[in-house]
There are 2 protein chains.
Amino acid sequence: MTSTDRPVSARTTRQRRAVSAALVDITGFCSAQEIHEIVKRRGDAVGLSTVYRTLQAMADADEVDVLRTDEGEALYRRCSSGHHHHLVCRDCGRTVEVEGPTVERWADRVAADHGFADVSHTLEIFGRCESCG
Amino acid sequence: MTSTDRPVSARTTRQRRAVSAALVDITGFCSAQEIHEIVKRRGDAVGLSTVYRTLQAMADADEVDVLRTDEGEALYRRCSSGHHHHLVCRDCGRTVEVEGPTVERWADRVAADHGFADVSHTLEIFGRCESCG
DNA sequence: ATCTTCATGACAACGATTCTCATTCCCGAG
DNA sequence: CTCGGGAATGAGAATCGTTGTCATGAAGAT
Ligand SMILES: [Zn+2]
Ligand SMILES: [Zn+2]
Ligand SMILES: [Zn+2]
Ligand SMILES: [Zn+2]
């Protein structure tokens with residue numbers, strides 16, 4: 001009864017290394033398909049399914065952050081660990097990690113005031129960066 | 001050259017009235033398909049395509065708020081006008097509209113500090129409400 | 001080297017959303 | 001009121017991101 005019935009190992013395969021390497025190359029958020037392209041462009045061949053699976057595993061392990069496009073598409077990015085939010089350029093995708101202790105407290109307080117427990121939140125800032133002026 | 005080339009009318013049809021009515025009945029965020037079901041349950045027959053189109057039109061006109069599930073599904077809700085955010089129950093969908101002037105200022109400031117212009121943001125708080133304790 | 005098990009990938013399947021287009025029916029001009 | 005043009009509808013096909021299937025390949029323990 002050790003709960004989840006999913007593998008516990010995490011083997012280091014050529015494919016996983018390729019995806020990780022691609023994620024290091026890029027600075028902004030990318031879709032799974034874009035990452036698949038990047039991996040390919042770097043000369044590594046990895047199946048699209050595997051890219052999706054790897055990205056999901058990395059997200060579960062908090063090795064990448066995920067955010068959703070207005071259209072619902074998932075975008076991934078290698079981020080520093082720890083809770084933070086993003087300031088993202090709408091045009092070029094350039095991303096800055098930001099922290100806001102005040103916001104964190106505000107959100108928790110609002111939730112508590114209304115009797116909500118087990119609180120979490122999402123917060124992203126979008127704009128146009130200087131180079132995209 | 002009056003810009004957009006999309007219809008300018010907005011005819012009041014039975015279908016649009018039905019969707020609007022359904023939106024009044026519900027308090028939390030619902031998917032287009034759920035709203036389609038609710039409309040049907042109320043005795044009005046409206047095509048799914050029309051529900052989607054109507055909801056989109058209402059969103060464009062700021063008559064409903066839209067938010068995205070973790071899985072990327074769009075949820076709609078009739079909201080008060082004006083900028084605000086939501087505290088949403090993960091289980092039952094109960095929603096409370098919240099405002100946070102401090103957060104608004106913080107977000108704009110962060111963006112400005114990094115040279116970003118034309119700033120916007122998304123912010124939602126999730127939790128489990130009392131009745132879902 | 002061998003074996004167990006997880007990982008891979010080509011392809012099918014899925015589900016939400018959008019598109020197509022023939023038909024319906026608002027609604028304002030006459 | 002009645003017509004006619006054009007917006008609105010809806011059934012079904014098409015899209016597209018994502019997930020499932022399953023036979024085959026390859027880590028890694030022994
Ligand atoms: Zn930019
Ligand atoms: Zn936070
Ligand atoms: Zn609840
Ligand atoms: Zn705000």
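In what follows, chains are A, B, ... by sequence order, proteins preceding strands, each numbered from 1. Bear in mind that the values here come from a model prediction, so they are computed numbers and not experimental data.
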Is the shortest side-chain N/O distance from A:Y52 to OP1 or OP2 of D:dT18 below 4.0 Å?
yes
Separation of C:dG9 atom P from A:K40 atom NZ, nearest Å, is 12 Å
Is there a donor and acceptor pair closer than 3.5 Å between the side chain of B:S49 and the base of C:dC19?
yes
Using a heavy-atom cut-off of 4.0 Å across all strands, would you classify A:R53 as base, sugar-phosphate, or nothing?
base
Taking for B:A74 and for B:T13 the nucleotide of DNA chain C with the nearest heavy atom, the one nearer the 5' end belongs to B:A74
Does A:Q15 place a side-chain N or O at less than 4.0 Å from the phosphate oxygens OP1/OP2 of C:dG9?
yes
Any base atoms under 4.0 Å from A:E34, or only sugar-phosphate, or nothing? Heavy atoms, all strands.
nothing
D:dG17 phosphate, OP1 or OP2, under 4.0 Å from A:Q33 side-chain N/O
yes
Measure from CD on B:E73 to C1' on C:dT18 and round the result to the nearest Å.
15 Å
What's the CZ-C1' distance between B:R17 and C:dC25, to the nearest Å?
12 Å
Heavy atoms, side chains only, cut-off 4.5 Å: are B:R94 and B:V88 in contact?
no
Length of the CG-P vector between A:D44 and C:dA7, whole Å
19 Å
Please evaluate residues B:F126 and B:H86 with respect to the criterion ring pair (Phe, Tyr, Trp, His ring centres under 6.0 Å), reporting the C-alpha separation (whole Å), side-chain torsions for both, the decisive distance (0.1 Å), and the verdict.
CA-CA 8 Å; B:F126 300 96; B:H86 304 101; 9.6 Å; no
Quick one: A:H36 NE2 to D:dT18 P, roughly how many Å, whole number?
13 Å
Is B:T12 touching bases, backbone alone, or none of the nucleic acid, heavy atoms closer than 4.0 Å?
sugar-phosphate
May I ask you to verify whether the side chain of B:R11 and the base of C:dC27 hold a donor-acceptor pair under 3.5 Å?
no
For A:L48 and D:dG20, give me the distance from atom CG to atom P, rounded to whole Å.
14 Å
If a pair satisfies salt bridge (charged side-chain N to carboxylate O under 4.0 Å, His left out) and one of its residues is in residues 61-73 of chain B, list it, with sequence neighbours excluded.
none
OP1, OP2 of D:dT18 versus side-chain N and O of A:Q56: anything below 4.0 Å?
no
A:H121 and A:H85 aromatic centres sub-6.0 Å:
yes
Would you tell me if any nitrogen or oxygen in the side chain of B:R16 comes within less than 4.0 Å of OP1 or OP2 on D:dT9?
yes
Reckon A:A45 touches a base, only the sugar-phosphate, or nothing at all at heavy-atom distances under 4.0 Å?
sugar-phosphate
For B:R14 and for B:L75, locate the closest nucleotide of DNA chain C by heavy-atom distance; then report the residue assigned to the nucleotide nearer the 5' terminus.
B:L75
Any A:W106 side-chain heavy atom under 4.5 Å of B:I125 side chain
yes
